[in-house]
Amino acid sequence: DNTEELFSFEESLKELAQLADTAGLMVVDSTYQKLANPNPRTYIGSGKVAEIKTAINAYGVETVIFDDELSPGQLRNLEKAFGGNVRVCDRTALILDIFDQRAATREAALQVALAQMEYQLPRLTKMWTHLERQSGGKVKGMGEKQIEVDKRILRTQIGVLRKELESVRKHRKQYRTRRLAVPVPVVSLVGYTNAGKSTLLNQLTGANVLAEDRLFATLDPTTRRVQMKNGKEFLLTDTVGFIQKLPTTLVAAFRATLEEISESSLLVHVIDISHPLAEQQIDAVEKVLSELDASSIPKLMVWNKVDKAKNPEELKLKAKNLVDTICISALNGSGLDEFCDAVQEKLKDTMVWVEALVP
Ligand code: GDP
C-alpha cells in the first residue's frame with residue numbers, strides 16, 4: 001500500500017495544523033524531530049523541549065499538539081517543562097475535541113462521549129502508578145486499588161452510554177421522518193479536511209446571511225442559508241471533514257458525526273484536485289458514503305483548487321466529459337457560477353417535491 005509512503009510526516013503535520021485550525025486554534029509554528037527511540041520521559045529530546053519552550057515564550061503559545069500519541073507520563077512531564085498554563089495534547093485528543101464541537105445529533109454526541117471515555121480508560125492505569133512510587137512501596141497496591149475503583153466507575157458510565165446509544169438509534173427513524181418535513185432542502189458539503197469546504201461555504205454566503213428566523217433558529221454555525229437565482233433557498237451545511245490519519249479508535253465517533261448527511265437532499269463532494277492523493281481520497285469518501293446509506297442521494301463532484309493544479313485546462317476538459325463534475329476555485333471564485341447552476345438544477349426535483357408539501 002503506497003498511501004502510507006505518500007502520506008509523509010510533513011503531510012501529516014500539515015493535516016494536524018489544519019485540524020487545529022478547524023478546532024478554532026491559530027497555528028503559529030510547527031516543528032519535528034527524528035529520533036531512533038522516543039525519549040520515554042518527554043517523547044522528544046531535551047534540546048527540542050528547550051526549542052519549543054523558546055517558541056512558547058516568543059508567541060505566547062497556549063497549546064502544544066503532538067502528532068503521535070503520548071503516554072500520560074509524557075503529557076505530564078511536557079506540561080511541567082513548558083510551564084503551568086500550556087496545554088499539551090495529542091492528535092487523538094484534538095480530533096475528539098473537533099468531533100465534540102461538531103456533533104450535531106444526540107447520537108453523535110453520545111458516540112463522541114463514548115470515544116472520550118474509552119480514550120481515558122487505558123490512561124487511567126498509568127495515571128495512578130505514581131502513587132505507589134511516591135509511597136516508596138510502603139502502601140503497595142494502593143494505586144492499584146484506586147485504578148480498579150476508577151476503572152469500574154468509567155466502565156459503568158460506558159455501559160450506560162452504550163445503552164442510551166442503542167435506544168437513540170431505535171428512535172432515529174422516527175426523528176428522520178420529522179426532519180424531512182422541513183420544507184427547505186439541505187445540501188451537505190462532504191470531503192477531506194482541507195479540501196476547501198468552508199472556503200466554498202463562505203464564498204457562497206455572506207457572514208450575515210443568517211437572518212433571525214424561527215425555522216432556522218436551530219442552525220449551528222456550520223450551516224448557512226443560500227438563495228439561488230430562481231429565488232428559492234436551501235441550507236448549506238459543512239460536515240466534519242475526513243482525516244487521512246484517523247486513529248482507529250475514533251472511527252465510530254467519526255461516522256456518527258456524519259450520520260446526519262443521510263437526511264440531505266443533495267451531497268456536494270469537495271475534492272482538493274491538486275492533492276497527490278486526490279483519487280484515493282475520493283474512493284475513501286465514497287466508500288463511507290455508501291456505508292452510511294447515502295449512496296442514493298443526488299451528488300455533485302466538485303474538483304476544487306484547480307488554480308493550484310499543474311494541469312488546470314486538462315482537468316476542466318476532463319470534468320466536462322464526466323457527469324455531475326465541476327471544476328472550481330473556491331478561493332478565487334472561478335467556476336462558482338457554474339456550480340450554483342448545477343446545484344439549482346440538481347435541486348429541481350426536490351423543490352417540486354417540497355412545493356407539493358407546502359401549499
Ligand atoms: P475544509 O477543511 O475543507 O473546510 O478546507 P478550508 O476551506 O479550510 O480550506 C483549506 C485550505 O485550502 C485553506 O488554506 C484555503 O485557503 C485553501 N483553499 C480552499 N480553496 C482553495 C482553492 O480553490 N484554491 C487554493 N489555492 N486554495 C484553496
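We use all heavy atoms of the structure for the numbers below, so side chains are in, but hydrogens, waters and symmetry mates are not. None of these values were measured; they are calculated from a predicted model.
Side-chain atoms of Glu107 never come within 3.5 Å of backbone atoms of Arg169 as a donor-acceptor pair (strictly under, hydrogens ignored). In this structure, Thr325 contributes its side chain and Val323 its backbone to a donor-acceptor pair below 3.5 Å. Remark: side-chain polar atoms of Thr22 are paired, donor with acceptor, to backbone N or O of Gln18 under 3.5 angstrom. Listed for the Ser264 side chain is no donor-acceptor partner under 3.5 Å among the backbone atoms of Leu267.
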Quick one: side chains of residues 30-41, donor-acceptor pairs under 3.5 Å with protein atoms, not counting sequence neighbours, listed by atom name and distance.
residue, atom, partner, partner atom, Å
Thr31, OG1, Lys48, NZ, 2.7
Gln33, OE1, Gly45, N, 3.0
Asn39, OD1, Arg41, N, 2.8
Asn39, OD1, Thr42, N, 3.3

Legend entry - Pair Arg91-Glu69, salt bridge (charged side-chain N to carboxylate O under 4.0 Å, His left out): steps then yes or no: CA-CA 7 Å; Arg91 175 178 272 256; Glu69 210 154 286; over 6 Å; no
Legend entry - Worked check of salt bridge (charged side-chain N to carboxylate O under 4.0 Å, His left out) between Asp238 and Arg224: CA-CA 9 Å; Asp238 191 5; Arg224 303 273 170 82; over 6 Å; no
Inset, instruction - Mind running side-chain contact (heavy atoms from CB on, under 4.5 Å) on Asp90 and Ile65 for me, showing each step along the way? - result: CA-CA 5 Å; Asp90 57 24; Ile65 307 162; over 6 Å; no
Inset, instruction - Evaluate the criterion side-chain contact (heavy atoms from CB on, under 4.5 Å) for residue pair Ile282 and Glu286; output intermediate values, then yes/no. - result: CA-CA 6 Å; Ile282 293 171; Glu286 292 298 326; 4.1 Å; yes
Legend entry - Residue pair Tyr119, Thr249: steps toward the side-chain contact (heavy atoms from CB on, under 4.5 Å) verdict: CA-CA 8 Å; Tyr119 177 73; Thr249 48; 5.8 Å; no
Legend entry - Check against side chain to side chain donor-acceptor pair (under 3.5 Å), Glu259 and Gln111: CA-CA 11 Å; Glu259 212 55 83; Gln111 193 76 65; over 6 Å; no
Inset, instruction - Take Glu11 and His275, measure what side-chain contact (heavy atoms from CB on, under 4.5 Å) needs, and give me the verdict at the end. - result: CA-CA 10 Å; Glu11 280 287 336; His275 196 286; 3.5 Å; yes
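Inter-residue side-chain proximity for Leu315 and Ile273 is flagged as met; some heavy-atom pair is nearer than 4.5 Å. Between Ile328 and Trp303, every side-chain heavy-atom pair lies at or beyond the 4.5 Å cut-off. Side-chain contact check for Ile52 versus Ile44: some heavy-atom pair is nearer than 4.5 Å. Taking 4.5 Å as the limit, some side-chain heavy atom of Leu154 sits within range of a side-chain heavy atom of Gln120. Within the 4.5 Å cutoff, the side chain of Ile158 has heavy atoms near those of the Leu114 side chain. Using a 4.5 Å heavy-atom cutoff, the side chains of Phe66 and Leu75 are not in contact. Between Leu19 and Ile98 there is a side-chain heavy-atom pair separated by less than 4.5 Å. Counting heavy atoms from C-beta outward, Thr239 and Ser188 have side chains that approach closer than 4.5 Å.
Here the closest heavy-atom approach between residue Ala319 and residue Cys327 is recorded as CB-SG, 3.8 Å. Closest of all the heavy-atom pairs between Glu233 and Val184 is O-CG1, 3.8 Å. Looking at every heavy atom in both residues, Leu189 comes nearest to Lys197 through CD1-O, 3.4 Å. In this structure, Met228 and Phe234 approach most closely via the heavy-atom pair CG-CE2, 3.5 Å. Summarising the geometry of Ala17 relative to Val27, their closest heavy-atom pair is O-CG2, 3.6 Å, with the distance given to 0.1 Å. Contact between Ala195 and Asn304 at its shortest, heavy atoms only, is O-ND2, 2.8 Å.
Note: Asn194 CG to Asp21 CG = 9.0 Å, rounded to the nearest 0.5 Å. Interatomic distance, CD of Glu345 versus SG of Cys340, reported as 13.5 Å (0.5 Å rounding). Atom CD of residue Glu263 and atom OG1 of residue Thr237 lie 10.5 Å apart, to the nearest 0.5 angstrom. Taking CE of Met26 as the start and OG1 of Thr63 as the end, the distance is 11.5 Å to the nearest 0.5 Å. Between atom CG of residue Leu246 and atom CD of residue Gln244 there is a gap of 10.5 Å, rounded to the nearest 0.5 Å. Atoms NZ and OG, on Lys53 and Ser46 in that order, are 13.5 Å from each other to the nearest 0.5 Å.
Put simply, the residue from Asp324, Leu322, Ile271 that forms a side-chain contact (heavy atoms from CB on, under 4.5 Å) with Met301 is Ile271.
Cluster annotation: Val49 and Val61 are assigned to the same hydrophobic cluster (Ile/Leu/Val/Met/Phe/Trp/Tyr, side-chain heavy-atom contacts under 4.5 Å, transitive). In the hydrophobic cluster analysis, where Ile, Leu, Val, Met, Phe, Trp and Tyr join through side-chain heavy atoms closer than 4.5 angstrom, Leu25 is grouped apart from Tyr59. Transitive grouping of hydrophobic side chains (ILVMFWY, heavy atoms separated by less than 4.5 Å) keeps Leu161 and Ile153 in distinct clusters. A continuous path of Ile, Leu, Val, Met, Phe, Trp and Tyr side chains, each step under 4.5 Å between heavy atoms, connects Leu347 with Leu300, placing both in one hydrophobic cluster. A chain of hydrophobic side-chain contacts below 4.5 Å, direct or via other Ile, Leu, Val, Met, Phe, Trp or Tyr residues, connects Phe99 to Leu16.
A salt bridge links Arg106 and Glu164; the closest N-O separation between the charged side-chain nitrogens and carboxylate oxygens is under 4.0 Å. Between Glu338 and Lys316, no side-chain nitrogen of the basic residue sits less than 4.0 Å from a carboxylate oxygen of the acidic one, so the salt-bridge criterion is not met. Note on Glu118 versus Arg162: salt bridge recorded, some NZ/NE/NH1/NH2 to OD/OE distance being below 4.0 Å. In summary, Lys245 and Asp68 engage in a salt bridge, as defined by a charged side-chain N under 4.0 Å from a carboxylate O.
For Phe242, the ring pair (Phe, Tyr, Trp, His ring centres under 6.0 Å) test picks out Tyr192, Phe254, with sequence neighbours left out. Take Ala115 and apply the side chain to side chain contact (heavy atoms under 4.5 Å, CB included) test, not counting sequence neighbours, and it matches Leu96, Leu250, Ala253. Glu79 is linked by a side chain to side chain contact (heavy atoms under 4.5 Å, CB included) to Arg87, Val88, counting only residues two or more places apart in sequence or in another chain. For Glu166, the salt bridge (Lys or Arg N to Asp or Glu O under 4.0 Å) criterion is met by no residue, not counting sequence neighbours.
Donor-acceptor pairing under 3.5 Å is recorded for the side chains of Asp67 and Ser12. Side chains of Ser329 and Asn332: a donor-acceptor N/O pair is present below 3.5 angstrom, by distance only.
Around atom CD of Gln227, more than 12 heavy atoms belonging to other residues, nucleotides or ligands sit under 6.0 Å away. Other residues, nucleotides and ligands contribute at most 12 non-hydrogen atoms within 6.0 Å of the CD atom of Glu314.
Sequence neighbours left out, not one pair with a member in residues 152-161 passes side chain to side chain donor-acceptor pair (under 3.5 Å).
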